[in-house]
Student: 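Here's a structure for you.
Position 1 is the first residue of the sequence; numbering continues from there.
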Amino acid sequence: MITRRIAALAALVLVVAACSTGPGAGGQLEGTQWVVRSFDQGGLMTLVPTNVFADARFGSDRVSGTSGCNQYDALYQAGGRTLLVSQPTVTMMACDETTNAFEQAYLTLLQESRFYTVRNNTLTVFDADGKPILGYDAAPRNPLLGRWDVDSFETSPGTITAPIEGTPLTVAFAITSVGGDSGCNTFRGTYGTNGSVVQIGPLTTTRMACEQAVMDQEQAFLAALQGASRVESRGLSLNLTDENGTLKVALTRPKSDGGSGAFPTPGASIAPVPTEMPSPTPSPTPSPTPSPTPSPTPTPSPTPSPTPSPTPTPTPSPSPTVAPTPPPSIPPTLPPTASCDLVVTDGPKVAEIVYPASWYTLDEPADLACRYFNPTPITVPSDPTTLDAAVMADVVATPYDDMVAAAWDRTNWDVTEGQQAEVNGVNLTCIGGTALTEASGFPVGEAAFQCFADVGIAGTVVIWATGPTDDPALEAESALVYIMTAVSTFFPQQ
């Protein structure tokens with residue numbers, strides 16, 4: 001995936017390098033949050049709709065931000081007055097028609113970038129013909145941005161309470177979204193601020209069940225957070241108050257951030273943004289330590305003489321009857337794909353897994369087929385249980401609700417993100433985190449991004465990627481796991 005994007009960017013460099021003339025004066029791109037003000041629409045620069053937000057943050061070689069509805073990440077190269085942007089990786093939220101239309105236009109224009117000028121806190125981007133296609137403004141400073149620990153919050157009028165021991169509360173403010181951990185569940189919503197006044201919209205949460213005291217705390221904390229109106233910044237601490245100055249939530253920078261609380265470098269993560277969607281029915285309600293705790297690691301039984309050979313993608317352009325129609329939230333710029341059948345050993349097909357057409361998988365033996373996906377040919381070791389690949393899939397007999405509950409279990413996992421949805425009548429959940437205990441089914445300290453699909457009495461289809469927490473490859477593989485899950489087709493068994 002990364003290789004294709006680098007190749008695409010290199011191709012752009014070769015095409016444009018020959019151009020010695022063009023508009024633009026260049027300038028400093030990095031270190032500024034650039035908010036989109038206008039964009040080319042039918043040959044005219046048009047103001048962005050008032051209910052739509054998009055921006056760009058340029059790192060050393062990547063540009064990322066909000067594209068209206070989703071988050072995007074792309075490679076870029078800037079030199080002199082030239083600006084080249086590769087095809088972005090995009091998360092897959094669905095929004096209203098106006099926002100979706102703007103997003104498609106913006107991402108298309110971003111890839112058409114060829115020249116740019118930074119002047120007087122504005123950024124103007126031009127296409128290959130020298131026509132301005134995007135206009136940005138430098139964003140003002142926002143004291144809320146970053147990660148925070150909750151020091152205390154209002155539980156009733158005039159009463160300020162610290163979090164219950166063992167239930168840390170956290171808040172993370174992005175550009176227009178806010179999320180965090182409310183003690184039992186995670187939450188997410190949107191907000192707006194001018195630096196001194198803040199308005200936090202309705203917050204959605206996951207649907208885990210905890211002890212009553214923890215649930216009561218969660219309800220009070222979320223009510224206090226949504227009741228905030230003003231911002232009082234005090235360096236490494238920050239108070240959110242109501243209009244009369246009454247404290248609602250007191251925040252401090254996490255010690256693990258060294259007091260900085262800064263977000264990761266723009267472009268450092270292309271994993272899906274955690275967003276709460278309607279929870280599947282029934283919603284999992286696990287005990288603090290779910291049992292049994294399934295292990296998503298496939299354990300195929302080796303054949304006496306396995307002689308599988310890696311099979312490159314057979315058809316770069318699968319027929320419509322093989323590749324399912326992507327949901328409306330999937331960007332129309334997906335690379336060519338192929339698919340394979342995932343079957344229960346000696347049983348029915350439970351999924352058609354869609355994967356990048358340039359990747360490799362196995363088609364035999366049956367207990368390994370359509371379970372390993374890699375950008376390079378796959379070699380099966382003498383002990384097939386040790387086989388590893390960039391992305392893996394399997395179908396396990398453990399019920400879907402139990403699999404999701406185990407992956408959410410804070411006893412075994414440091415959960416960092418999660419998303420639930422229903423696609424074509426099938427419940428899907430994707431969860432990312434770092435293993436805290438061996439009971440997670442992974443080595444302690446290993447990060448995993450897992451997506452689960454409910455296939456009825458056949459159990460659960462799991463698609464996942466694992467690796468060190470600081471491995472950039474895992475970030476890209478996690479995004480691919482998310483996309484593969486969203487566009488694959490699952491067949492629940494009755």
Student: Do the side chain of Thr82 and the main chain of Ala78 share a donor and acceptor less than 3.5 angstrom apart?
Tutor: no

Student: Say whether, by atom type as modelled, one donor and one acceptor occur between the side chain of Arg410 and the main chain of Thr167 under 3.5 angstrom.
Tutor: no

Student: How about Thr437 and Asn412: does a side-chain donor come under 3.5 Å of a side-chain acceptor?
Tutor: yes

Student: Assess whether ring pair (Phe, Tyr, Trp, His ring centres under 6.0 Å) is satisfied between Tyr106 and Phe39, documenting all intermediate values.
Tutor: CA-CA 7 Å; Tyr106 172 65; Phe39 66 109; 8.5 Å; no

Student: Report yes or no: does Trp408 contribute a side-chain atom to a donor-acceptor pair with the main-chain N or O of Val415 at less than 3.5 Å?
Tutor: no

Student: Taking atom types as modelled and ignoring hydrogens, do the side chains of Asn70 and Glu103 form a donor-acceptor contact shorter than 3.5 angstrom?
Tutor: yes

Student: With distance as the sole criterion, is a donor-acceptor pair present between the side chains of Thr205 and Asn185 under 3.5 Å?
Tutor: no

Student: What are the two closest heavy atoms between Thr469 and Ala447, and how far apart are they?
Tutor: CG2-CB, 3.7 Å

Student: Could you check whether any side-chain N or O of Thr460 sits under 3.5 Å from a backbone N or O of Thr398, counting only pairs where one atom can act as donor and the other as acceptor?
Tutor: yes

Student: Between Tyr355 and Phe373, how do the two ring planes meet: parallel, tilted or perpendicular, split at 30° and 60°?
Tutor: tilted

Student: Do the two ring centres, one from Phe452 and one from Tyr400, sit under 6.0 Å apart?
Tutor: no

Student: Any donor-acceptor pair under 3.5 Å linking the side chain of Ser113 with the backbone of Leu110?
Tutor: yes

Student: Ignoring hydrogens and geometry beyond distance, is a side-chain donor-acceptor pair present between Gln212 and Asp216 at under 3.5 Å?
Tutor: yes

Student: Just checking, any donor-acceptor pair under 3.5 angstrom between side chains of Gln71 and Thr91?
Tutor: no

Student: Is Arg253 positioned over the aromatic face of Trp148, cation under 6.0 angstrom from the ring centre and no more than 45 degrees off axis?
Tutor: yes

Student: Step through it carefully: locate the ring centre of Tyr360, locate the ring centre of Tyr372, and say whether they are under 6.0 Å apart.
Tutor: no

Student: Check whether Ser440 reaches the backbone of Phe442 with its side chain - one donor and one acceptor, N or O, closer than 3.5 Å.
Tutor: yes

